[in-house]
Amino acid sequence: MHDPDFRTEPAPGALTPLAEIVTGWFTESARNLPWRHPGTTAWSVLVSEVMLQQTPVSRVLPVYEQWLGRWPTPAALAADSAGEAVRLWGKLGYPRRALRLHACAVAITRKHGGVVPDGLTELLSLPGVGEYTARAVQAFAYGRRAAVVDTNVRRVLARAVGGQAQAGPPSTTRDLAAMEAVLPDADTAAALFCAAMMELGAVVCTSASPSCASCPVLGVCAWRLAGSPAYDGPVARPQRFAGTDRQVRGLLMDVLRSAHHPVPQSALDVVWPVDAQRQRAQDALVADGLIDPLPDGRFALPA
DNA sequence: GACCCGTGGTT
DNA sequence: TAACCAAGGGT
């Protein structure tokens, strides 16, 4: 079978209108972010991607600079302690990411000759590197064609292509297929498109109140062309924070980060009045490897 | 798929 | 002010 009208068949290697517009816009107006600078290493891309997981750019920037200033290579971080990685992580949140990034540095140093791998399987085997981060490294560090799908890309695809106000529940299979369908064929064009889609979602096609009036994709957006119908899909239930174990864990870690020496149990006990919950959180942090119980009964960041 | 894991700015 | 939101990953 073939298309009876050859003129509707895009030329091999040609970009879709969406890709054409988004990449053109990105080339003109991309934010100036340090991990996009020329000379950025694969390691610095990996560090930035992990830090940016669930954390806004503005809060990542200072910590990113500190981390790479101190640990410019995986070997440099691997030679330091996990506790220092956690301490310099500061208040970025989800400190297990710091622990995993340190474990990444060790694995890269020992198993990959100090070079961040570029294969999907090798990347996915690294601690803290999932479907998003692995492909982000392939695309942004190595310029490879990879379907990079984060929350921004999911939202832009849902609107511009799917005609929906919001993205449905995440599904790696569906999400990757949706991105593959519009991803340019060539390596460089594909990587640029991924970055452009993320940027559009982060800056223009935002979650709550998108700036459609200034959107470069307005003319081809399926959602706008459909009259901006309201979202009718499933609604995720909100997650609380106040009073949860996560808050208690955060308070405990703040004590350990601030103290530059081991602390006694009493220093941890003062952060939360509910003994059972505080103890549960503390035990979980020990199990996670974020707190190191010393033989003398005191506690410290991991060695 | 559901749930857990931090933190702080914005609405 | 409570809820929402931010370049996800692991179990």
Side-chain angles (χ1 to χ4, degrees), chain A residues 26 30-31 33-36 44-64 86 89-101 103-104 123-141 146-156 166-176 179 191 194-203 205-210 231 234-257 271-272 277 280-281 284-285 287-291:
Chain A
F26 181 67
R31 289 170 294 175
L33 301 174
W35 42 87
R36 291 174 175 169
S44 59
V45 169
L46 176 57
V47 170
S48 74
E49 292 300 341
V50 173
M51 286 185 173
L52 287 163
Q53 292 170 2
Q54 302 289 285
T55 305
V57 168
S58 60
R59 286 180 32 216
V60 164
L61 287 173
V63 182
Y64 170 84
V86 172
W89 194 257
K91 308 196 79 170
L92 277 189
Y94 295 142
R96 292 187 296 185
R97 290 182 294 166
L99 221 46
R100 290 171 180 153
L101 211 33
C104 268
L123 285 164
L124 287 172
S125 75
L126 295 174
V129 176
E131 299 289 352
Y132 162 75
T133 304
R135 289 175 173 79
V137 170
Q138 287 190 297
F140 306 143
V148 183
V149 182
D150 72 333
T151 185
N152 292 305
V153 172
R154 278 168 36 74
R155 185 172 54 250
V156 173
Q166 298 176 216
S171 160
T172 300
T173 304
R174 287 197 304 270
D175 296 340
L176 286 177
M179 187 58 167
C194 290
M197 289 287 277
M198 291 175 62
E199 183 84 350
L200 188 68
V203 176
C205 193
T206 54
S207 179
S209 52
Y231 181 68
V235 177
R237 104 182 205 292
Q239 58 172 339
R240 292 190 325 281
F241 175 69
T244 63
D245 286 10
R246 291 159 69 194
Q247 182 183 15
V248 182
R249 287 168 59 107
L251 293 171
L252 291 170
M253 289 307 298
D254 198 30
V255 172
L256 273 293
R257 275 196 308 267
V271 306
W272 195 254
Q277 186 182 23
R280 181 173 68 241
L285 288 170
D288 286 346
L290 282 165
I291 292 183

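Below, read A as the first sequence line, B as the second, and so on, with proteins coming before strands; counting in each chain starts at 1. Here the structure is a predicted model, which means the values were calculated and not measured.
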*Measure the distance from CG on A/L126 to P on C/dG10 and round it to the nearest whole Å.*
10 Å
*Counting only non-hydrogen atoms, which of residues 46-55 of chain A are less than 4.0 Å from DNA chain B?*
A/Q54, A/T55
*When rounded to the nearest Å, what value does the distance between P atoms of B/dT10 and C/dA7 take?*
15 Å
*Taking CG from A/L290 and P from B/dT7, how many angstroms apart are they, rounded to a whole number?*
11 Å
*A/W89 near the nucleic acid: base, sugar-phosphate alone, or nothing, with a heavy-atom cut-off under 4.0 Å?*
nothing
_Given the structure, check if the side chain of A/R246 and the base of B/dT7 hold any donor-acceptor pair shorter than 3.5 Å._
no
*Looking for any heavy atom pair under 4.0 Å, which part of the strands does A/R257 touch: base, sugar-phosphate only, or nothing?*
sugar-phosphate
*State whether a side-chain donor-acceptor pair under 3.5 Å links A/E49 with A/Y132.*
yes
*Rounded to whole angstrom units, what separation is found between the CZ atom of A/R155 and the C1' atom of C/dC5?*
9 Å
*For A/D288, answer base if it contacts any base atom (sugar-phosphate contacts may also be present), sugar-phosphate if it contacts only those atoms, and nothing otherwise; contact means non-hydrogen atoms under 4.0 Å.*
nothing
*Report the distance from atom CD of A/E199 to atom P of C/dA6, rounded to the nearest whole Å.*
14 Å
*asked:* Heavy atoms only, 4.0 Å cut-off, all strands: where does A/T151 land among base, sugar-phosphate and nothing?
replied: sugar-phosphate
*Indicate, with a heavy-atom threshold strictly under 4.0 Å, whether A/R36 touches base, sugar-phosphate, or nothing.*
base
*With respect to the side chain of A/N152, which nucleotide from C/dA7, B/dG6, C/dC5 is positioned closest?*
C/dA7
*Reckon A/V129 touches a base, only the sugar-phosphate, or nothing at all at heavy-atom distances under 4.0 Å?*
sugar-phosphate
*Of all heavy-atom pairs between A/T55 and A/L92, which one has the smallest distance, and what is that distance?*
OG1-O, 3.6 Å
*Closest non-hydrogen atom pair, A/Q138 against A/A146*: OE1-CB, 3.8 Å
*Please measure how far the P atom in B/dG8 lies from the corresponding atom in C/dG9, and state the result in whole Å.*
23 Å
_Ignoring hydrogens, what is the shortest heavy-atom contact between A/L251 and A/W272? Give both atom names and the distance._
CD1-CE3, 3.7 Å
*So, for A/L126 and A/C104, which heavy atoms are closest and what is the spacing to 0.1 Å?*
CB-SG, 3.7 Å
*asked:* With a 4.0 Å cutoff (strictly under), does any side-chain N or O of A/K91 reach OP1 or OP2 of B/dG6?
replied: no
*asked:* Is a donor from one side chain sitting under 3.5 angstrom from an acceptor on the other, for A/R246 and A/Q239?
replied: yes
*asked:* Check A/E199 with A/R36, please: is the shortest side-chain N to carboxylate O separation under 4.0 Å?
replied: yes
_For A/V63 versus A/M51, what's the shortest heavy-atom pair and its separation?_
CG1-CE, 3.7 Å
*asked:* Side chain of A/Y132 only, heavy atoms from C-beta on: which candidate in B/dC5, C/dC5, C/dG9 is closest?
replied: C/dG9
*Taking the same atom, P, in B/dC3 and in C/dC4, what whole-Å distance lies between them?*
16 Å
*For atom CD of A/Q247 and atom C1' of B/dT7, their distance in whole Å*: 11 Å
*Would you classify A/G93 as touching base, sugar-phosphate or nothing, given that sugar-phosphate means primed atoms plus P, OP1 and OP2, and contacts are heavy atoms under 4.0 Å?*
base
_Is the phosphate of C/dG9 approached by A/T133 (side-chain N or O, under 4.0 Å from OP1 or OP2)?_
yes
*Using a 4.0 Å heavy-atom cut-off across all strands, classify A/L124 as base, sugar-phosphate, or nothing.*
nothing
*Whole Å only: how far is the CZ atom of A/R240 from the P atom of B/dT7?*
17 Å
*What nucleic acid atoms does A/E131 come within less than 4.0 Å of, heavy atoms only: base, sugar-phosphate, or nothing?*
sugar-phosphate
*For A/P169, answer base if it contacts any base atom (sugar-phosphate contacts may also be present), sugar-phosphate if it contacts only those atoms, and nothing otherwise; contact means non-hydrogen atoms under 4.0 Å.*
nothing
_Protein-nucleotide distance (A/L92, atom CG; B/dG9, atom C1'), rounded to Å_ = 14 Å
*For A/R154, report the nucleic acid contact type (base, sugar-phosphate, nothing); a contact means any heavy atom under 4.0 Å.*
nothing
_Nearest-angstrom distance from the residue atom CD of A/Q239 to C1' of C/dC5_ = 10 Å
*At under 4.0 Å between heavy atoms, what does A/R100 touch on the DNA or RNA strands: base, sugar-phosphate, or nothing?*
sugar-phosphate
